Amino acid sequence: MDAFYASVAVRDRPDLQDVPVVVGGGHRGVVLSANYRARTYGVRSAMPMTRARRLCPNAVVLSPSFETFDVVSRSVMETFRQVTPLVEVVSLDEAFLDVSGSVRRLGSPYAIASLLRARIYDEQGITCSVGMAATVAVAKLASRRAKPDGIVVVPPAAVTTFLHPLDVGELWGVGEKTSDLLHRLGLRTVGDIAHTPLTTLQRAVGVHLATSLHQLAWGEDRRVVTARRGGDEPDKSMGADETFGRDTDDREVVLRELLRLSAKVATRMRAAQVAGRTVTVKVRFADFTTLTRSKTLGEATDVTREIYRTATDLFTGLGLQRARIRLVGVRVEGLVPRSTVQRQLVLGERERGWPEADGAVDRATRRFGAAALRPATLLGSDRA
DNA sequence: TCTGGGGTCCTAGGACCC
DNA sequence: TCTGGGGTCCTAGGACCC
């Protein structure tokens with residue numbers, strides 16, 4: 001989809017059609033999506049909202065509505081599945097389709113792309129762009145070239161001609177840091193990567209990335225499209241973090257936030273019927289430096305109190321003195337199905353304890369809403 | 001009022017086991 | 001003529017993706 005969140009947000013607001021629109025906001029947020037009008041001012045995704053407002057003071061800022069994005073996304077994916085069952089959902093607004101089996105029924109790949117774009121525009125009122133190639137990686141790059149509202153085909157014979165002039169940063173797996181590193185080494189284009197000895201590349205960016213980049217630079221990509229929906233595979237970790245409205249050095253404020261985040265994560269884990277062994281706490285300071293501390297428990301847990309206790313131990317272990325803290329986070333890794341963990345009986349432990357309390361909280365909030373029941377420490381932490 | 005929140009994967013060192 | 005090799009697990013940090 002082109003500028004997905006922004007497109008959906010303005011879809012029912014014709015008055016905003018030719019106005020710069022930015023989806024994002026929050027007190028210290030970033031741009032989640034900007035329509036093409038806003039982009040002419042230099043506004044980009046992931047940019048701090050402060051900067052976006054400075055670049056484009058007359059932009060209309062809309063809050064994201066993920067429920068709506070989710071609904072639109074699901075229908076778009078269903079439309080894709082009418083063309084081929086081989087739809088690999090990458091994110092809310094992106095998917096790979098293997099249409100090789102649909103050609104006889106629906107015509108050339110180009111015709112299929114046109115059909116899809118027309119259907120999605122009719123049904124959802126938003127535009128999308130399609131890249132077509134014999135490999136997933138090249139199709140992805142082609143789709144970027146096709147934006148907005150277009151189609152780009154890269155036939156097999158044209159792959160290296162298409163790839164080699166591109167900046168190294170275009171390749172999947174090359175972000176800002178690696179791009180800078182490669183540029184410093186004089187490697188600016190995908191062609192440069194292709195013509196650099198693999199060993200040289202490996203010394204620069206590590207064996208794994210080097211091998212993958214070298215292959216991609218020559219258009220080699222063994223990945224196949226696998227029919228997959230978002231959330232098909234179980235999560236390996238679940239976490240939550242939050243940036244404070246303003247930096248804090250108040251230990252009580254931090255601990256309260258750790259409790260809120262622990263409860264949020266544990267609730268999600270119980271809903272998904274998983275438990276995890278490793279608890280990680282993340283702390284970001286006012287200067288944006290970030291550290292993590294983790295602890296692996298003897299057995300997996302989904303108990304709010306156990307996650308919280310581990311998180312506070314880890315935080316306390318840092319021995320911070322009046323540090324200005326910007327963000328804290330809690331993550332649980334090593335998730336396994338709840339049914340596979342057998343709770344160890346601890347000598348002297350109550351027959352009923354925190355796990356039962358969690359169960360009661362879950363049942364109450366299912367019936368009466370998330371605001372129905374919460375630790376007293378967290379009362380008054382929002383307006384509910 | 002610079003810089004969100006949800007994830008995954010890789011690297012590297014050290015402990016520990018056989 | 002000091003101390004191998006292979007493996008797993010844990011921890012911390014970092015890069016990347018959407």
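This one's a predicted model, so the numbers in the text were calculated from it and none came from an experiment. So you know, we letter chains A, B, ... as the sequences are listed, proteins then strands, and number each from 1.
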Heavy atoms of other groups near [X] [atom1], more than 12 under 6.0 Å:
X: A/R11; atom1: CZ; value: yes
X: A/K295; atom1: NZ; value: no
X: A/Q273; atom1: CD; value: no

Can you see if the side chain of [X] gets near the phosphate of [N] - specifically, an N or O under 4.0 Å from OP1 or OP2?
X: A/R326; N: B/dG4; value: yes
X: A/K282; N: B/dG6; value: no
X: A/R293; N: C/dA12; value: yes
X: A/T292; N: C/dA12; value: no
X: A/K236; N: B/dC9; value: yes

Sorted by number, the residues of residues 169-182 of chain A with heavy-atom contact under 4.0 Å to DNA chain C: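 When residues 169-182 of chain A is checked for heavy atoms under 4.0 Å from DNA chain C, the hits, listed by number, are A/L171, A/W172, A/G173, A/V174, A/G175, A/E176, A/K177, A/T178.
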Using a 4.0 Å cut-off on heavy atoms, which residues in residues 38-61 of chain A reach DNA chain C? List them by number, or say none.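 None, since no heavy atom is under 4.0 Å.
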Tell me whether A/L255 is reachable from A/V283 by hopping between hydrophobic residues (I, L, V, M, F, W, Y) whose side-chain heavy atoms are closer than 4.5 Å.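 They do share one cluster, since a chain of ILVMFWY contacts under 4.5 Å joins A/V283 to A/L255.
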Hydrophobic clusters here meaning ILVMFWY residues chained together by side-chain heavy-atom distances under 4.5 Å, can you tell me if A/Y36 and A/V22 are in one?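 Per the 4.5 Å side-chain linkage, A/Y36 and A/V22 are not co-clustered.
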Check ion pair A/R270-A/D302 (N to O, under 4.0 angstrom):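 Between A/D302 and A/R270 there is no salt bridge, as every charged N stays at least 4.0 Å from the carboxylate O atoms.
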Would you call A/D362 and A/R366 a salt bridge, taking side-chain N to carboxylate O under 4.0 Å as the test? no
What integer distance in Å separates [X]:[atom1] from [N]:[atom2]?
X: A/R324; N: B/dT1; atom1: CZ; atom2: P; answer: 14 Å
X: A/K295; N: C/dC10; atom1: NZ; atom2: P; answer: 11 Å
X: A/D235; N: C/dC18; atom1: CG; atom2: C1'; answer: 14 Å
X: A/F69; N: B/dG4; atom1: CZ; atom2: C1'; answer: 14 Å
X: A/E94; N: C/dC17; atom1: CD; atom2: P; answer: 11 Å
X: A/L209; N: C/dG14; atom1: CG; atom2: P; answer: 17 Å
X: A/L32; N: B/dT3; atom1: CG; atom2: C1'; answer: 13 Å
X: A/L327; N: B/dT1; atom1: CG; atom2: C1'; answer: 16 Å

Any residue meeting ring pair (Phe, Tyr, Trp, His ring centres under 6.0 Å) with A/H208, in chain and number order, not counting sequence neighbours: none
Nearest-nucleotide pick for [X], side chain only, options being [options]:
X: A/F288; options: B/dG4, C/dT11, C/dA12; answer: B/dG4
X: A/H208; options: B/dC9, B/dG5, B/dC10; answer: B/dC10
X: A/H27; options: C/dA12, B/dT1, C/dC18; answer: B/dT1
X: A/R277; options: C/dT11, C/dC10, C/dG13; answer: C/dC10

For A/S237 and A/R284, find the nucleotide of DNA chain B closest to each by heavy atoms; which residue's nucleotide sits nearer the 5' end?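 Looking at DNA chain B, the more 5' nearest nucleotide goes with A/R284.
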Of A/G239 and A/D287, the one whose closest DNA chain B nucleotide lies more 5':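 Looking at the nearest nucleotide for each, A/D287 comes out on the 5' side.
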Please give the distance between the P atoms of C/dC18 and B/dT3 as a whole number of Å.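 Going atom to atom, P in each nucleotide, I get 23 Å.
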Could you give the distance separating C/dT1 and C/dG5 at their C1' atoms, to the nearest angstrom?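 Rounded to whole Å, the distance is 22 Å.
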Using salt bridge (charged side-chain N to carboxylate O under 4.0 Å, His left out) as the criterion, list what pairs up with A/E78, not counting sequence neighbours. A/R81, A/R229
Report yes or no: does A/D167 contribute a side-chain atom to a donor-acceptor pair with the main-chain N or O of A/E170 at less than 3.5 Å? no
When you measure from the side chain of A/W218 to the backbone N and O of A/A194, does any donor-acceptor pair fall under 3.5 Å? yes
According to side-chain hydrogen bond (donor to acceptor under 3.5 Å, both in side chains), who are the partners of A/T278, at least two apart in sequence or on a separate chain? A/T296
Secondary-structure string, 5' to 3', Watson-Crick or G-U under 3.5 Å, | for another-strand partners, for DNA chain B: ....||||||||||||||
Verify whether one side chain among A/R119 and A/Q82 offers a donor that lies under 3.5 Å from an acceptor in the other.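 Yes, A/Q82 and A/R119 have a side-chain donor paired with an acceptor closer than 3.5 Å.
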